[in-house]
Visitor: 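What follows is a single structure, and I will ask about it in a moment.
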Amino acid sequence: MITWSQKRIQAFQKTLLDWYDHHKRDLPWRKDHDPYHIWISEIMLQQTQVQTVIPYYLKFMKQFPTVQSLATADEAKLMKAWEGLGYYSRARNLQRAARQLVDDYQGKWPTTVGGLQELSGIGPYTAGAIASIAFNRPVAAVDGNAFRVFARLLEIDDDVAKPQTRKVFEKIINQIISKDRPGDFNQAIMDLGASYMTATNYDTSQSPVRAFNQAYIDGIESQYPVKTKKKRPIPVDYFGLVIHSTKGYLFEQRPAKGILAGFWMFPLIDQQELINDQPTSKQVLIQRLQDKLAADYQLQVSLSEIDHQPVSHTFTHQKWQITLLSGELPADSDLSFFPGKWIPAADFEAMTFSKVQSKMWLKYEKSVKTL
DNA sequence: TACGCGTGGTC
DNA sequence: TGACCAAGCGT
């Protein structure tokens with residue numbers, strides 16, 4: 001790692017901010033410095049690309065224009081507004097924080113990094129972003145862009161996948177950040193990280209700060225940032241049950257914690273739970289599943305495989321392969337032993353479907369049409 | 001600290 | 001296809 005003199009720091013600030021003044025991206029949350037606008041955009045942008053966020057942000061602001069409106073929003077409508085963005089705990093934390101602001105802060109924002117971090121869903125990065133952009137505090141906002149940009153500029157060799165590394169970058173950036181325009185400085189780093197200094201296919205030779213980029217000068221830019229590899233998603237095989245009656249389709253609510261927490265979905269049965277000993281054929285597993293539904297839930301249903309091609313969906317840590325099984329039940333079936341309910345297809349529109357639920361429904365619909 | 005948490009895009 | 005990436009946070 002190299003270090004910069006005060007003179008070099010000032011030259012960097014000027015070069016960066018001059019470039020930002022002429023080339024900054026025109027983004028809907030950059031029209032003002034309203035902390036509510038900055039906050040919502042920053043939460044949406046966590047692990048999510050700008051182009052994906054823009055339409056969600058615009059719609060969200062029409063639907064929930066103020067902290068107050070968010071605090072009192074209907075949770076189902078809030079989740080519907082978030083549908084497709086992923087990491088749904090972000091939306092729930094958003095409302096929790098809005099209620100904190102209304103109930104505990106009399107609607108007045110904390111303006112320091114420490115104060116902002118008291119709010120649900122606001123961690124070190126988002127606190128830094130809001131504090132600098134909305135409240136002009138000279139504090140670093142260390143996200144993936146900052147990691148990438150400063151690792152290359154200064155040849156920082158710390159592993160950015162390790163939590164403790166954030167402090168290393170924070171310390172350095174807090175020395176380099178413009179004390180006059182901290183918000184613009186942080187946003188300029190983000191624009192740089194999204195244009196000339198992306199993770200792959202970057203074109204540093206045209207970057208406005210190429211003269212400050214030690215890794216580029218040394219021809220070793222591809223080595224930065226140093227980041228250890230992630231683990232492969234674990235494969236999990238499920239049966240997905242599309243059980244229909246004249247009352248609709250049978251849904252089950254997922255547990256309050258874990259993946260897709262609280263979502264209503266077609267019931268999923270882990271195929272592993274049906275395998276006691278030797279490897280068995282799919283037909284045997286389906287028979288065992290029918291027996292289990294009858295024994296555990298008093299549901300007598302004949303299941304047939306919809307399509308031999310399973311629905312596949314990959315999350316960060318799991319890869320699901322779902323074999324869809326369909327069946328019919330009488331509308332007066334006793335559901336008191338089954339933790340679920342009938343939902344008519346007409347109600348789907350108002351529900352929040354996860355991507356994998358949408359995939360199951362689409363595949364089922366298509367198979368019905370081709371029959 | 002390491003891991004769990006979604007989705008869409010790229011190569 | 002798989003691997004990796006994209007304005008991280010909570011536990």
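The figures that follow rest on heavy atoms only: side chains count, while hydrogens, waters and symmetry mates do not. This one's a predicted model, so the numbers in the text were calculated from it and none came from an experiment. In the text below, chain A, chain B and the rest are named by the order of the sequence lines, each starting its count at 1.
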Visitor: What's touching nucleotides 5-9 of chain B from the protein side, N or O pairs under 3.5 Å?
Guide:
from: B:dC5; atom 1: OP1; to: A:I259; atom 2: N; distance (Å): 2.7
from: B:dG6; atom 1: OP1; to: A:Y88; atom 2: N; distance (Å): 2.9
from: B:dG6; atom 1: OP2; to: A:L260; atom 2: N; distance (Å): 2.5
from: B:dG6; atom 1: O4'; to: A:Y87; atom 2: N; distance (Å): 2.9
from: B:dG6; atom 1: N7; to: A:Y87; atom 2: OH; distance (Å): 3.1
from: B:dG6; atom 1: N7; to: A:T316; atom 2: OG1; distance (Å): 2.9
from: B:dG6; atom 1: O6; to: A:Y87; atom 2: OH; distance (Å): 2.9
from: B:dG6; atom 1: N1; to: A:Q47; atom 2: O; distance (Å): 3.2
from: B:dG6; atom 1: N2; to: A:Q47; atom 2: O; distance (Å): 3.4
from: B:dG6; atom 1: N2; to: A:T48; atom 2: OG1; distance (Å): 3.2
from: B:dG6; atom 1: N2; to: A:L85; atom 2: O; distance (Å): 3.1
from: B:dT7; atom 1: OP1; to: A:Y88; atom 2: OH; distance (Å): 3.0
from: B:dT7; atom 1: OP1; to: A:K355; atom 2: N; distance (Å): 2.8
from: B:dT7; atom 1: OP2; to: A:H313; atom 2: NE2; distance (Å): 3.0
from: B:dT7; atom 1: O3'; to: A:G84; atom 2: O; distance (Å): 3.4

Visitor: Do A:R30 and A:Q187 have side-chain N/O donor and acceptor atoms under 3.5 Å apart?
Guide: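 Yes, because at least one side-chain N or O of A:R30 sits under 3.5 Å from a partner of the opposite role on A:Q187.
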
Visitor: Could you check whether A:F353 and A:F266 have their ring centres less than 6.0 Å apart?
Guide: no

Visitor: Checking all strands, does A:Q187 fall into the base, sugar-phosphate, or nothing category for heavy-atom contacts under 4.0 angstrom?
Guide: nothing

Visitor: On a whole-Å scale, what distance lies between the P atoms belonging to C:dC9 and B:dG9?
Guide: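 Pairwise P distance, C:dC9 against B:dG9, rounds to 24 Å.
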
Visitor: What distance, rounded to whole Å, do you find between the two P atoms, one in C:dT1 and one in B:dG6?
Guide: 24 Å

Visitor: 5'-most contact on DNA chain C: A:I122 or A:P233, nearest heavy atom basis?
Guide: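 So the residue in question is A:P233.
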
Visitor: Under 4.0 Å, counting only non-hydrogen atoms across every strand here, what does A:A199 touch: a base, just sugar-phosphate, or nothing?
Guide: sugar-phosphate

Visitor: Select one nucleotide: of C:dA7, C:dA3, B:dA2, the one nearest the side-chain heavy atoms of A:R232.
Guide: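 That would be C:dA3.
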
Visitor: Would you indicate what A:R25 reaches in the nucleic acid, counting non-hydrogen atoms under 4.0 angstrom: base, sugar-phosphate, or nothing?
Guide: base

Visitor: What's A:V53 touching, base or sugar-phosphate or nothing? Going by heavy atoms closer than 4.0 Å.
Guide: nothing

Visitor: Respond yes when some side-chain nitrogen or oxygen of A:K230 is under 4.0 Å from OP1 or OP2 of B:dA2, and no when none is.
Guide: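 Answer no for this pair, as no side-chain N or O of A:K230 is under 4.0 Å from OP1 or OP2.
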
Visitor: Which part of the nucleic acid, if any, lies within contact of A:N186, taking any heavy atom under 4.0 Å across all strands shown: a base, the sugar-phosphate backbone alone, or nothing?
Guide: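 It contacts nothing in the nucleic acid.
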
Visitor: What integer number of Å spans the P atoms of C:dA7 and B:dC11?
Guide: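 16 Å, rounded to whole Å.
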
Visitor: Could you tell me how far C:dG10 sits from B:dG8 if I compare only their C1' atoms? Round to whole Å.
Guide: 24 Å

Visitor: Considering every strand and a 4.0 Å limit on heavy-atom distances, what is the contact class for A:L27: base, sugar-phosphate, or nothing?
Guide: base

Visitor: Using only heavy-atom distances, determine whether the side chains of A:D157 and A:Y224 contain a donor-acceptor pair under 3.5 Å.
Guide: yes

Visitor: I need the full list of ring pair (Phe, Tyr, Trp, His ring centres under 6.0 Å) pairs touching residues 98-125 of chain A, with sequence neighbours left out, sorted by first then second residue.
Guide: A:W39-A:W109

Visitor: Please find out if less than 6.0 Å separates the ring center of A:Y88 from that of A:F263.
Guide: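 Between A:F263 and A:Y88, which both carry aromatic rings, the centre distance is below 6.0 Å.
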
Visitor: Which of these, A:R92, A:R99, A:R96, sits in a salt bridge (Lys or Arg N to Asp or Glu O under 4.0 Å) with A:E75?
Guide: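 By the salt bridge (Lys or Arg N to Asp or Glu O under 4.0 Å) criterion, A:E75 pairs with just one of A:R92, A:R99, A:R96: A:R92.
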
Visitor: Which part of the nucleic acid does A:R254 contact within heavy-atom distance under 4.0 Å: base, sugar-phosphate only, or nothing?
Guide: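 The residue A:R254 makes no contact with any strand.
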
Visitor: Give A:W82 one of three labels, base, sugar-phosphate or nothing, depending on what nucleic acid heavy atoms sit under 4.0 Å from its own.
Guide: nothing

Visitor: Quick one: is A:R148 getting a side-chain N or O under 4.0 Å of the C:dC5 phosphate, OP1 or OP2?
Guide: no

Visitor: Is there a donor-acceptor contact under 3.5 Å linking the side chains of A:K355 and A:H313?
Guide: no

Visitor: With rounding to the closest Å, how many angstrom separate the P atoms on B:dT1 and C:dA6?
Guide: 22 Å

